[in-house]
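Both ligands and their constituent atoms are indexed starting at 1 by order of listing. Scope of the values below: all heavy atoms of this structure, side chains included, with no hydrogens, waters or symmetry mates.
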Amino acid sequence: MELARSINKARAAVRSLPKPVGFVPTMGALHAGHRSLVERARVECASVIASIFVNPLQFGPNDDFLRYPRSFASDSEQLEALGVQLLFAPPAEHLYPPGFATTVDVGAIASRYEGALRPGHFRGVATVVLKLLDALEPDVLYMGQKDAQQTAVIRRMLVDLNVPCTLVVAPTVREPDGLALSSRNVYLDEAQRRAAPSLYRALRSVASAIDAGATDRERVLAEARRELEPPLREAYLDVVDAVTFEPLDPLHAPAVVIGSGWLGTTRIIDNVTVEKVLCPV
Ligand code: AMP
């Protein structure tokens, strides 16, 4: 596996790889969720490239940028073992030169839920993803359903800015008790870790109700909230359109049930999709 720290070196290396090139952007601290994206790209693409970049632009002043887990040596070993041909890991000053001022604002989708709790977060995400796509010119971009709103934001950006790259969204990888894998799970103490899967239970309760034909939003959400287990405190729980992230009222399929909860100073997020049933039995 080749390691590139500069855009020029990375771009030249990617241009010599067989196409299609699949790209998995990450912030490192790799877990089985990240690995599933690389494995999927390996199956679907002739070449696989990845990036590790803890993007300062997507962290707010109260976010965990400084304490975000970093494990470059082990991450890069894992990527190499998975068959990644090129790892792009630029220093922040290289992606954001002195005087950097241009950002990508994706509009309404980026303003709700995660966007409301983390002002400027999706501007940072969209900007860095566009810069990475410009630097690496991959054919296929692999992202996780775990960050559903992020995928909606990036899809909007790819369409709006004519970016010639296909987005593939891969399923969320979970712990046996249902908790979605996340680099931030290492922050949880024992009691918090025990309560964490209750978020997924609440999401599934909403999804089953919609599957069963329920349309009363407040009632369904109130019922699901009973699943949330202290010390987990709800940050949001809602049912939204997968493309616009606008809340659905009355409820119907298809939809994405999204949720987030605080465990101490750590916030976890998750979601479950509800597909439209074409032939109800
Ligand atoms: P991150 O390193 O948190 O920026 O995540 C890098 C990519 O991995 C993003 O596309 C995430 O959506 C994806 N990802 C994170 N957690 C999971 C998971 N549990 N299952 C599948 N993909 C994930």
Side-chain angles (χ1 to χ4, degrees), residues 22-45 48-60 63-65 67-72 74-76 78-79 82 84 87-90 92 95 113-114 118 121-133 136 138 140-158 165-188 193 196-197 199-200 203 242 245 256 258-260 266-273:
F23 171 44
V24 181
T26 81
M27 297 203 299
L30 300 186
H31 52 63
H34 300 109
R35 290 194 292 273
S36 75
L37 299 179
V38 174
E39 281 158 2
R40 169 95 177 249
R42 281 267 294 162
V43 171
E44 296 178 350
C45 297
V48 182
I49 61 176
S51 63
I52 295 178
F53 183 63
V54 185
N55 175 30
L57 204 62
Q58 72 190 65
F59 288 78
D63 286 343
D64 55 346
F65 176 69
R67 73 166 181 150
Y68 194 82
R70 288 162 171 87
S71 48
F72 186 80
S74 132
D75 291 345
S76 108
Q78 291 182 58
L79 293 172
L82 288 168
V84 168
L87 171 59
F88 182 44
L95 277 196
Y113 306 108
E114 288 304 304
R118 303 179 71 184
H121 171 66
F122 285 125
R123 181 179 306 123
V125 170
T127 303
V128 81
V129 170
L130 187 65
K131 283 173 70 73
L132 292 169
L133 295 178
L136 303 171
V140 190
L141 169 64
Y142 287 86
M143 302 189 97
Q145 175 64 28
K146 152 89 181 359
D147 299 283
Q149 193 174 2
Q150 172 170 279
T151 65
V153 165
I154 297 302
R155 193 183 299 284
R156 183 78 262 157
M157 179 190 77
L158 295 178
C165 184
T166 304
L167 175 63
V168 170
V169 179
T172 302
V173 177
R174 299 178 180 282
E175 299 282 4
D177 63 7
L179 176 65
L181 297 192
S182 163
S183 307
R184 291 189 169 95
N185 291 350
V186 298
Y187 300 151
L188 304 179
R193 174 63 187 80
L199 177 61
Y200 182 50
L203 298 173
F245 262 68
V256 188
I258 57 170
S260 172
T266 304
R267 195 165 57 80
I268 60 170
I269 64 169
D270 200 352
N271 69 90
V272 169
T273 53

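Heavy atoms only, all atoms of each residue included: Phe23 and Pro25 are closest at O-CD, 3.5 Å. Nearest heavy-atom pair across Ile268 and Ser260 is O-OG, 2.9 Å.
The closest side-chain heavy-atom distance from Met157 to Leu130 is below 4.5 Å. You'll find the side chain of Leu57 stays beyond 4.5 Å of the side chain of Val128, heavy atoms only.
At a 4.0 Å heavy-atom cut-off, ligand 1 touches Lys146 through the side chain alone. Residue Ala29 does not touch ligand 1, judged by heavy-atom distances below 4.0 Å.
Salt-bridge check for Asp75 with Arg35: failed, with every basic side-chain N at 4.0 Å or more from each acidic carboxylate O.
Comparing Leu181, Thr26, Val38 against atom 19 (N) of ligand 1, the shortest heavy-atom distance belongs to Leu181.
The CZ atom of Arg156 lies 13.0 Å from the CG atom of Leu167; values are rounded to the nearest 0.5 Å. Here CZ of Arg174 is found 9.0 Å from CG of Leu181. Values are rounded to the nearest 0.5 Å. Ile49 contributes atom CD1, which lies 12.0 Å from atom CG of Leu79 (distance to the nearest 0.5 angstrom).
Nearest to atom 10 (O) of ligand 1 among the protein's heavy atoms is Gly144 N, 3.0 Å. In terms of protein heavy-atom proximity, atom 20 (N) of ligand 1 is closest to Val173 N, 2.9 Å. At the top of the distance list for atom 21 (C) of ligand 1, counting protein heavy atoms only, stands Pro171 O, 3.5 Å. Looking at atom 13 (C) of ligand 1, its nearest protein heavy atom turns out to be Leu37 CD1, 3.7 Å. Of all protein heavy atoms, the one lying nearest to atom 5 (O) of ligand 1 is His34 NE2, 3.4 Å. With respect to atom 11 (C) of ligand 1, the closest heavy atom belonging to the protein is Asp147 OD2, 3.1 Å. Among protein heavy atoms, the minimum distance from atom 3 (O) of ligand 1 is reached at Tyr68 OH, 3.9 Å.
Numbered from 1 in the order shown, with element, the atoms of ligand 1 that lie under 4.0 Å from a heavy atom of Met143 read 10 (O). Near Met27, the atoms of ligand 1 lying under 4.0 angstrom from a non-hydrogen atom of the residue are 1 (P), 2 (O), 4 (O). Under a 4.0 Å criterion applied to the non-hydrogen atoms of His31, ligand 1 contributes the atoms 15 (C), 16 (N), 17 (C).
No option in Gln145, Arg40, Lys146 other than Arg40 meets the side chain to side chain contact (heavy atoms under 4.5 Å, CB included) test with Pro171.
Residue contact check for ligand 1: Pro25 places a non-hydrogen atom closer than 4.0 Å to it.
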